[in-house]
Amino acid sequence: MKTLTLAAVLTVGLMAGTAYAASPWTGGDDLPTNPLACDATPATPEAKPYDGGTPTNAPDRKGKEITVVDVPKLIGIGYFNATSKGIAEAAAEIGNMKATTDGPNKANIDEQITFIDNDITQGVDGILFAANDPVAIAPVLKKALSKGINVVGYDADATHDARQWFVNQAQFNGIAKALIDNMAKEAGEDAGVAIVTSTFTTPNQARWIAEMAAYAAKCHPKLQWLETVEAQEDNNLSFNQATTLINKYGDKLKGIFGMTSVATPASAEAVTQAGQCGKVAVVGLATPNAMKPYVQKDCVKSVVLWNPVDLGYAAAYVMRATADGTLKPGDTSVKAGKLGELKVINGSEILLGQPFVFTKENIGNFDF
Amino acid sequence: MTKALEARKGRDHAGLLRYETVLAIITIIALAVLANITNKFFTVDNLLNQGRLMAEVGLVALGMTFVIVTGGIDLSVGSILGLTAILLGVFWHNVGMPLPLAIVAAMVCGTAAGALNGYVITRFRVPPLITTLATLALYRGLAEGISQARSVRGYPEWFFFFGQGEVLGVPVQLWTLVILIAVAAIVLGRTKFGYATYAIGANETAARFSGIRVDRVKLAIYAGTGFLASLAAVIFVSRVTTTRSDMGTGIELDVITAVVLGGTSIFGGKGTIAGTVLGLVLIQALKNGLSLSGVKGDGTIVVIGVVLIAAILAGALIDRNRGGN
């Protein structure tokens, strides 16, 4: 018994050692980056052959009534309420498409997989998803494709061969540029900045952070990266993490990036309560309604996002076009109702548009 | 073992059988109702698939039954799962071990993490709730720190056998679960080790005086639970083809729910593997069946809560009747 327990203590101690030996991590992913030009030169997306998946033996759904489920990362937060609102709007317009939203109430990979698995058993025609993890979700999505179900992602992608199309709200390098440029403008070129993200493994956030690091290194090299902290998609935790950053770095901290629609308003609240408005800039991704109070008080100057209602709306139209066969591999654009023609980029992604920066001047015009 | 203990155990068994009968009837009714609501539920495909999905919780629940029968609790199982998963990835990807060796090494670490729980509980007499609450944080922190939150992906195809493969048309992890259910049922119900487990839960002091090596049994139980959580981790990684440091977060609640619904008393001394299996099946069937019949996620949680309360009330009623006899 003594040897066993000694071994247990040693093993755990050893593991603790390994933890400290590893290098600090900013929270990006290890994939290649593609930073944009420092001026406003727009990116030219490269034409790539279709690299999405294909459902096997899909029945002919052209013009037929289809049942579609929408499984977001989690339900019950403003952002995904907005995307499901867009999906419902589009479904009502389209007519021959029934769409329902249901998903886990925590951003949990396993629960999301179980939801999708049950939807496959139920025999739906299409699955819309926003992935909590691009790889973990892939087996169950491939299973859906193998049963002839149409699979379209939005907001957060899976590995490309696990879905047919992905509706991308904005290109990662575009978001990264908007965030870094606004931060450098507000906090100064040599500001010390920190990030409050959801979790290090969340695909979108990790991608943005990797692109931000690459763009900052290229165009704002004096920006100092202090730390990246995790805060799930949790309001309280985000507030606490932002407060900790303010206390920990003091005057060195000139700016906080909020990487989620939860972290950004929570960070703004932390800055407000610490009396640091004007001293610590907050730039981040968030919905306008959550940010209006801080923007109107001048505590936050720029909020970067796209319109999530439009994102859901576009995803629903892409789903219908995929089921009808009007959107096929090799196509370069797709019609999406009131949004007009959307471009196909990067093989199998559909681009919603440029990121949008909300400021004091325009934020009052939006309500979501 | 003293005669008194023996007698007490016998009586408990009689009572438990009745609770399990009630639970079995509830489960059968639930299955029948669900099969009636939706024709997608009672298909071979769906049932086998549900077996796949409940394997990880099921494996850990077997260990947890032993733990709770001794009157303890293990809140750290989800963190042990996450830690083992991360170590598997790190040993293979970063350290460069061959994958089979990495699996074994990670499982040894997971078992050691369980043994450490047992060591702190028995050696320093720290209540299991506090010990495992602490290691819940410790092991999760280690998982995050070791991996630096980087996912490990790109496992070879053969590895997916454990989580996605089939043998004779039945998911591999369901075979694993069934075999371990049999082992656990025999160990808890038919061996000296099992009797010792009940005796510790019924009255630890009496067990000590009757010559049972209480600390050794407890240590083995916590280590065994760590082992089962590690096994669940390997299956989980194989099923989702990636390693993340947040794997298994919150699984302890699903596990404890299944065990308690299965009639194992949180005060110790009572409980069977059969009950735990029934609890598992009932919860999984409710989750799946309600989802298939179009009940939303939050509605399902409400129903499970109601069933849990009803089952506990039924258990209490049976207990009271038995007391009156």
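Each chain gets a letter, A, B and so on, in the order its sequence line appears, and its residues count up from 1.
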How about A/S348 and A/R163: does a side-chain donor come under 3.5 Å of a side-chain acceptor? yes

Under a 4.5 Å cut-off applied to non-hydrogen side-chain atoms, are B/Q173 and B/V234 in contact? no

Return the option, out of B/D246, B/T38, B/T242, B/N46, with the maximum number of heavy-atom pairs under 4.5 Å with chain A. B/T242

Relative to the ring of B/F162, is the ring of B/F159 parallel (under 30°), tilted (30 to 60°) or perpendicular (over 60°)? perpendicular

What residue, out of A/I109, A/V69, A/N105, has the most heavy-atom pairs lying under 4.5 Å from chain B? A/I109

Under 4.5 Å to a heavy atom of chain A? For B/V95 that would be neither

Tell me, for B/D45 versus chain A, whether the close heavy atoms (under 4.5 Å) come from the side chain, the backbone, both or neither. side chain

Proximity breakdown for B/T243 and chain A, heavy-atom pairs closer than 4.5 Å: neither

Would you give the length of the straight line joining atom CD1 of B/I121 to atom OH of B/Y222, rounded to the nearest 0.5 angstrom? 3.5 Å

Which bit of A/D119 comes within less than 4.5 Å of chain B, counting heavy atoms only: side chain, backbone, both or neither? neither

Which atoms of B/L292 are under 4.5 Å from chain A, going by heavy atoms: the side chain, the backbone, both sets, or neither? both

Does any heavy atom of chain A fall under 4.5 Å from the side chain of B/N49, the backbone, both, or neither of them? side chain

Which one of A/D110, A/T199, A/T101 has the most heavy-atom pairs closer than 4.5 Å to chain B? A/D110

Engaged part of A/K143 at the chain B interface, taking heavy atoms whose separation is under 4.5 Å: side chain

ring-ring contact (aromatic ring centres under 6.0 Å, His included) filter on B/F160, not counting sequence neighbours, yields none

Give, for atom OG1 of B/T257 and atom CD1 of B/I251, the distance between the pair rounded to the nearest 0.5 Å. 11.0 Å

Could you have a look at B/R244, B/K40, B/M247 and say which one has the most heavy-atom pairs with chain A under 4.5 angstrom? B/R244

B/E252: partners by side chain to side chain donor-acceptor pair (under 3.5 Å), with sequence neighbours left out: none

